[in-house]
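What follows is a single structure, written as structure tokens, with notes after it.
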Amino acid sequence: MASSAVVQAATNTIRNFVSHEMNGVSRHVGRFGDLPRITATGMRVPNPFIPWKSKSGHWQGAKYSLRRQADLVKTAKAAGLLHLLPPGPKCPNPSAAPSPAELVTSDPMVAWVGEFESKEVKGAEIGTRLYSGKKRMFKGHKRERVYLARMKKRAVLLRDMDKRIHEFKTRYKKRNQNPLKPRFSTKAKLPF
């Protein structure tokens, strides 16, 4: 169980994040059209966890990196304030409607503008996201890449090894002459 000091620090961090985004809404006017400041559900604030397209048509990156998003999600889970964070890659479905017991009256109401579309990744449910749909693994070491071919070649060579040994020994006997028999005639021709 988390201590009260840790929960209090996590609560302060999440509340600072939300208030920082609410205060910075004036910088984002025009990002998603003219944002009315206050609505029935709360203040409309652009989602800082997703990329967005500027007026000039260029894509801008997310305001918070994936590492910082993950840190905020961990902190929010520790404090029980996950419902205050916008949806993003590290927390695609934060609990949208917290129970009344979880809802603290001082929590600001924020309506995050911009939708996060999560991509469905093959093999994520069984834990093989990286190699799903691939014919073979990525580069790896040379010994790993050629292992199967080497084993097939070795199996073929071992299967026919008795025959190969017999062929080698018979060819060796044919090539080498009898050591007792002289190689050259004793009557050698002299060059002069």
Which other residues end up in the same hydrophobic cluster as L148, if Ile, Leu, Val, Met, Phe, Trp and Tyr are linked when side-chain heavy atoms come under 4.5 Å apart?
Y147, M151

Can you see which heavy atom on Q69 is nearest to which on A62, and at what distance?
NE2-CB, 4.3 Å

What residues, two or more places apart in sequence or in another chain, satisfy side-chain contact (heavy atoms from CB on, under 4.5 Å) together with A79?
A10, T11, L81

Rounded distance [0.5 Å steps], CD in E21 versus CG in L84
13.0 Å

What pairs meet the salt bridge (charged side-chain N to carboxylate O under 4.0 Å, His left out) rule with one or both residues in residues 65-88, with sequence neighbours excluded?
R67-D71

Quick check: do P46 and W112 have side-chain heavy atoms less than 4.5 Å from each other?
no

I need the single residue from R159, K163, R164 that forms a side-chain contact (heavy atoms from CB on, under 4.5 Å) with M161. Which is it?
R164

Under the side-chain contact (heavy atoms from CB on, under 4.5 Å) rule, collect the residues that match up with F116, sequence neighbours excluded.
I50, P87, P89, P92, S118

Spacing of CD1 belonging to I165 relative to NZ belonging to K169, to within rounding of 0.5 Å
6.5 Å

Are F17 and P86 packed together at the side-chain level, in the sense that at least one heavy-atom pair is separated by less than 4.5 angstrom?
yes

Looking at residues at least two apart in the chain, or sitting in another chain, which of them share a side-chain contact (heavy atoms from CB on, under 4.5 Å) with R150?
V146, R154

Rounded to the nearest 0.5 Å, what's the gap from NZ on K90 to CZ on F49? Could you check?
11.5 Å

Is the closest side-chain heavy-atom distance between H166 and D162 below 4.5 Å?
no

Not counting sequence neighbours, which residues clear side chain to side chain donor-acceptor pair (under 3.5 Å) with Q60? List them please.
none

Nearest 0.5 Å, what's the CD-CG distance between E115 and N47?
10.0 Å

So, for G57 and K53, which heavy atoms are closest and what is the spacing to 0.1 Å?
O-CE, 3.4 Å

Atom pair SG (C91) and CG (L85), whose distance is rounded to the nearest 0.5 Å:
6.5 Å

Distance (rounded to the nearest 0.5 Å) between K63 NZ and W52 CH2:
10.5 Å

